[in-house]
Number of protein chains: 2
Amino acid sequence: MKKVTLNDVSRAAGVSRSTASLVLRGNPRIPEATSDRVRLAMAELGYVYNRQAANMRRSESMTLGLIVTDIRNPYFAGLTMTIEEAAHDAGYTLFVGYSRDDVERQYLQLETMVQQQVDGIFLLPATGSELAPVCGIIDRSSVPVVQLARYFSEELDYVGPDNVAAGQQLAQHVSSLGASTAVLVGGPEHSSARTERIKGLETGFTGSGVAFDASLSAATTNNAAGGSEGVARVLDQGIWPDCIVAYSDAVALGIYAELRRRNLDPGRDVSVASFDDITMAELLLPPLTSVSTYPELIGRRAAELLLNRIRDPALQPQRSLIEPALKVRASTAQWRPRT
Amino acid sequence: MKKVTLNDVSRAAGVSRSTASLVLRGNPRIPEATSDRVRLAMAELGYVYNRQAANMRRSESMTLGLIVTDIRNPYFAGLTMTIEEAAHDAGYTLFVGYSRDDVERQYLQLETMVQQQVDGIFLLPATGSELAPVCGIIDRSSVPVVQLARYFSEELDYVGPDNVAAGQQLAQHVSSLGASTAVLVGGPEHSSARTERIKGLETGFTGSGVAFDASLSAATTNNAAGGSEGVARVLDQGIWPDCIVAYSDAVALGIYAELRRRNLDPGRDVSVASFDDITMAELLLPPLTSVSTYPELIGRRAAELLLNRIRDPALQPQRSLIEPALKVRASTAQWRPRT
DNA sequence: CTGTTAGCGCTTTCAC
DNA sequence: GTGAAAGCGCTAACAG
């Protein structure tokens, strides 16, 4: 089966190429009879609209790119799905790449997407991303980029949770429990999200009577394996805090598992709290206290921002922070200070 | 910044357009000096290779499409990531769409991808997919499609777990526990995977002394909410089986939660087993017995198959089944028959 | 080894 | 209301 073009269609329908093109775009100046004839011919010949050709001519591609680290983390999965939905609703098709938190891989994916002429890019940056190489890739085609959930530059748009506020909320809750020590476990080192959460925790704990030393915090990969490893590192130093604050729910999963391997009972022997509030948090035993960071809101906001910037590239770089909300559950609520 | 073309580059480097094009593709017949000059010019001018234009000319797009239902299910997330990796490694960029198990949405996404001239499509079909409408979309451009994990037609390639074998393995294990009744909970009705798992369970339970009645099985959405709902429906009928077989680990999560809401202890009051063996299965309390269906293997195999078919469209439709493996954990191993 | 030429399928003026 | 012509950026075939 060879390709059917608008040319073929117009010939079959007895009209000119440009007329057929106008029918496609629903131009009202074409009489009903003509456009019906064209449409019939399309159906009969099995015509497929070729967006590549159209896009080449109009010099836009109606495609967007999304690069995220890893969607096995349900938080990123939710974010990704929201963005796909927004892109789809706006008529865009979405290229997706998973950097697996590898900067080089991420740069390659950026480059490919730029070559594919994407109209804009959502980037959840891999740890270690830098402005210079990214600009080296995107500036040549001046593709707008929105940073998601983490940022490495103030010169590009950014949408993410208000991590400082999230940390403060958590700190306040933990100190209200009567805990006297807290430790952060996990999260990618040097990531903006981690730095901000630490900052929020520090300010929140200040003057609360809870000892929190960020330098004890073990940075790890952002998944269950990281959580197990991180909590092991802490406990093996002989530190046994009243509260373990996980960098994320994904990390908290591993923390639960490692605690149990050591015959410690999360929520009783030590309280556990976390960030993100993925669906799982509520289903765990004990249900996990977590600060919700609303990936759906972040995704929608990011999509709005990117579409606006595509329309008007001259806008100032924007930062949009989503207000977090603490969800108290048994992993902290059931815990009682040692006497 | 306006677009830099090969034309500009060749002019700047003092060579012809075709020479510049040959340099791009690393043609060895071009002398070092010339190609260095061309590359220098590219860097200086900020040239970006335009794949759309190249692809239009060569009538291939070096893009593939992937449509899955929902990646918040870690099983599908893993599958998706594997496929992205394979596509990337083969030099393809991947369009991704999430159908959210909505057939109409899926058809729209298929159509868009076809219009974008994808060279091939991975499809994890939404419940209710039918051959006729799908062919109506894909046949016009004869894009090859590989079905993933579920199938609705024998005329398209398919790669998925051997669900019948998986069901049999689980049935055999459950009967070896001394259980006398088992019920399946959840999973999308009429999906091939569910039908096959039921078939495997039925044949596996035959003559084993375990009563298994597939008509008691409650079909639900393939997620935790579905699991809670499904197990509630079963228990509310006054049925209290020795073993609850979840359609998938995602569903099992909801089953654990609902059992606990009713003060039942999964793994003691009732044994629970499942399919997929996502990472979470091992981290749950009690750890969940599950039949691993290896999404990474499925993804890799599917990618191979699709790439082969792109090269040779005339191949017979293939079915490739991945051998499952039972992972026994405490959710069944700790359970003892009521006396 | 390099240059010229003719499109890929569509959109967009601008005449008729 | 409809048609003709030009061209988006690249590649491939062929001639020098």
Side-chain angles (χ1 to χ4, degrees), chain A residues 1-39 41-42 45-63 91 112 114-119 140-141 143, chain B residues 1-39 41-42 45-63 112 114-119 140-141:
Chain A
M1 173 165 318
K2 67 176 194 310
K3 217 165 267 184
V4 178
T5 73
L6 258 195
N7 230 327
D8 304 327
V9 171
S10 58
R11 193 166 24 240
V15 297
S16 81
R17 240 175 302 177
S18 51
T19 311
S21 180
L22 291 179
V23 170
L24 265 185
R25 341 190 71 228
N27 191 311
R29 310 194 322 186
I30 306 286
E32 277 291 313
T34 312
S35 84
D36 282 354
R37 212 152 24 108
V38 172
R39 264 189 262 274
M42 285 181 181
L45 298 178
Y47 169 72
V48 177
Y49 181 66
N50 185 332
R51 290 193 184 215
Q52 294 236 40
N55 296 331
M56 174 148 164
R57 180 59 228 257
R58 306 180 53 188
S59 58
E60 61 175 353
S61 71
M62 293 312 286
T63 61
T112 314
V114 166
Q115 292 184 351
Q116 290 282 8
Q117 312 290 115
V118 293
D119 294 332
R140 284 175 293 166
S141 8
V143 189
Chain B
M1 173 166 317
K2 67 177 195 309
K3 218 165 266 182
V4 178
T5 73
L6 258 195
N7 230 327
D8 304 327
V9 171
S10 58
R11 192 166 24 238
V15 298
S16 79
R17 242 174 302 174
S18 53
T19 311
S21 181
L22 290 179
V23 170
L24 265 184
R25 342 190 71 228
N27 191 310
R29 310 193 322 185
I30 306 286
E32 277 292 313
T34 312
S35 82
D36 282 353
R37 210 150 27 105
V38 171
R39 265 189 260 274
M42 286 180 179
L45 298 177
Y47 168 72
V48 177
Y49 181 66
N50 184 332
R51 289 192 184 216
Q52 294 235 42
N55 296 332
M56 174 148 164
R57 183 58 230 258
R58 307 181 52 189
S59 57
E60 62 175 353
S61 71
M62 293 312 285
T63 61
T112 314
V114 167
Q115 292 184 350
Q116 290 281 9
Q117 312 291 112
V118 293
D119 293 333
R140 284 175 294 165
S141 5

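Reminder, nothing fancy here: chain letters follow the sequence lines and each chain counts from 1.
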Seminar exercise, completed: Residues passing the salt bridge (charged side-chain N to carboxylate O under 4.0 Å, His left out) test with B:R39, sequence neighbours excluded, are none
Problem set entry | side-chain hydrogen bond (donor to acceptor under 3.5 Å, both in side chains) partners for B:T112, two or more places apart | none
Problem set entry | Test side chain to side chain contact (heavy atoms under 4.5 Å, CB included) applied to B:A53 - qualifying residues, sequence neighbours left out | A:M56, B:N50
Which atom pairs, one a donor and one an acceptor, fall under 3.5 Å between side chains of residues 8-17 of chain A and the rest of the protein, sequence neighbours left out?
residue	atom	partner	partner atom	Å
A:D8	OD1	A:R11	NH2	3.1
A:D8	OD2	A:T5	N	2.9
A:S10	OG	A:L6	O	3.1
A:S10	OG	A:N7	O	2.8
A:S16	OG	A:S18	N	3.4
A:S16	OG	A:S18	OG	3.0
A:S16	OG	A:T19	N	3.3
A:S16	OG	A:T19	OG1	2.9

Seminar exercise, completed: CZ (B:R140) and OH (A:Y49) are apart, to the nearest 0.5 Å, by 14.0 Å
Problem set entry | Validation row: B:V48, A:V114 side chains within 4.5 angstrom (heavy atoms) | yes
Problem set entry | Any residue of residues 8-16 of chain A with a heavy atom less than 4.0 Å from an atom of DNA chain C | none
For this session: Can you check each nucleotide of nucleotides 5-11 of chain C against protein heavy atoms at under 4.0 Å and return B for base, S for sugar-phosphate only, - for none, in 5' to 3' order?
Result: BBBBBBB
For this session: With rounding to the nearest 0.5 Å, note down the distance linking CG in B:N55 to CD in A:Q115.
Result: 10.0 Å
Seminar exercise, completed: Bend of the helix from C:dC1-D:dG16 to C:dC16-D:dG1 from end-axis comparison, five pairs per end, nearest 10°, comes to 40°
Seminar exercise, completed: So the salt bridge (Lys or Arg N to Asp or Glu O under 4.0 Å) pairs with at least one residue in residues 51-61 of chain B (sequence neighbours excluded) are B:R58-B:E60
Measure all distances between protein nitrogen or oxygen atoms and nitrogen or oxygen atoms of nucleotides 14-16 of chain D, and list the pairs falling under 3.5 Å.
none

Problem set entry | B:Q52: partners by side-chain hydrogen bond (donor to acceptor under 3.5 Å, both in side chains), with sequence neighbours left out | none
For this session: Output yes when a side-chain donor or acceptor of A:S61 lies under 3.5 Å from a complementary backbone atom of A:T63, and no otherwise.
Result: yes
For this session: Please report the shortest heavy-atom distance between B:L24 and B:Y47, naming the atom on each side.
Result: CD1-OH, 3.8 Å
Seminar exercise, completed: When rounded to whole Å, the CD to C1' distance for the pair A:Q115 and D:dC10 reads 13 Å
Seminar exercise, completed: d(B:S59 OG, B:Q117 CD) to nearest 0.5 Å is 9.0 Å
